[in-house]
Amino acid sequence: MPATDPTSYSMITYLWVSGLAAWGGVVNYIRKVKDGHSKRFSITELVGEIVTSSFAGVITFWLCEMSQIDSLFSAVLIAISGHMGARAIYLIEAILEKRYKG
């Protein structure tokens, strides 16, 4: 039986979800530096990227659980949304706005 609310998942689940999404955020940050879109190295930007990516990953995890998506496919979506970071949050927001406002 799937968990029914965010507090029913274990801390290890949230650590895996956040870690996978954060890894996607680090990859995105490295890409930005290599492409010249970011400074050579900024700890502030890196931490911001990790926090944003982790948040996007947790939201994606909850959406996947709510939709009963397979665990392995959920992991892929969590990693991709972590890589997308703020773009994933804006995309999720736009989808929800369209669905519930329109």
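Ser54 and Ser18 get closest at one heavy-atom pair: OG-O, 3.5 Å. Contact between Cys64 and Leu77 at its shortest, heavy atoms only, is SG-CD1, 3.7 Å. Here the closest non-hydrogen pair linking Arg40 and Tyr29 is O-OH, 4.5 Å. Of all non-hydrogen atoms in Ala88 and Ala56, the two that sit nearest each other are CB-CB, 4.3 Å. Residues Thr52 and Ala86 approach most closely at CG2-N, 3.5 Å, considering heavy atoms.
No more than 12 heavy-atom neighbours from other residues, nucleotides or ligands sit within 6.0 angstrom of CG on Leu72. Within a 6.0 Å sphere centred on CZ of Phe41, heavy atoms belonging to other residues, nucleotides or ligands number more than 12.
Looking only at side-chain heavy atoms (C-beta outward), Met84 and Asn28 stay at 4.5 Å or farther from each other. Inter-residue side-chain proximity for Val58 and Tyr14 is flagged as met; some heavy-atom pair is nearer than 4.5 Å. Contact of the Thr60 side chain with the Ile92 side chain is registered, since non-hydrogen atoms from C-beta on lie closer than 4.5 Å. A heavy-atom distance below 4.5 Å is not found between the side chains of Ser53 and Ile50. Counting heavy atoms from C-beta on, the side chains of His83 and Arg31 come closer than 4.5 Å. Looking only at side-chain heavy atoms (C-beta outward), Phe61 and Glu65 come within less than 4.5 Å of each other.
Salt-bridge check for Glu49 with Lys32: passed, with a basic side-chain N closer than 4.0 Å to an acidic carboxylate O.
Each of Trp16 and Leu20 belongs to its own hydrophobic cluster when Ile, Leu, Val, Met, Phe, Trp and Tyr are linked at side-chain heavy-atom distances under 4.5 angstrom. In the hydrophobic clustering of ILVMFWY residues, with side-chain heavy atoms under 4.5 Å counting as a link, Val33 and Ile30 come out together. Both Val51 and Val26 belong to a single network of hydrophobic side chains, linked directly or stepwise wherever heavy atoms of I, L, V, M, F, W or Y lie under 4.5 Å apart. Cluster membership check: Phe73 does not share its hydrophobic cluster with Trp23, using side-chain heavy-atom separations under 4.5 Å among Ile, Leu, Val, Met, Phe, Trp and Tyr. Hydrophobic clustering, with ILVMFWY side chains joined whenever heavy atoms are under 4.5 angstrom apart, keeps Val27 apart from Leu46.
No donor-acceptor distance shorter than 3.5 angstrom exists from the side chain of Asp35 to the backbone of His37, with no hydrogens or angles considered.
Judged purely by distance below 3.5 Å, without hydrogens or angles, the side chains of Ser74 and Ser71 never pair a donor atom with an acceptor atom.
For the atom pair CD1 of Ile78 and CG of Leu63, the computed distance is 10.0 Å after rounding to the nearest 0.5 Å.
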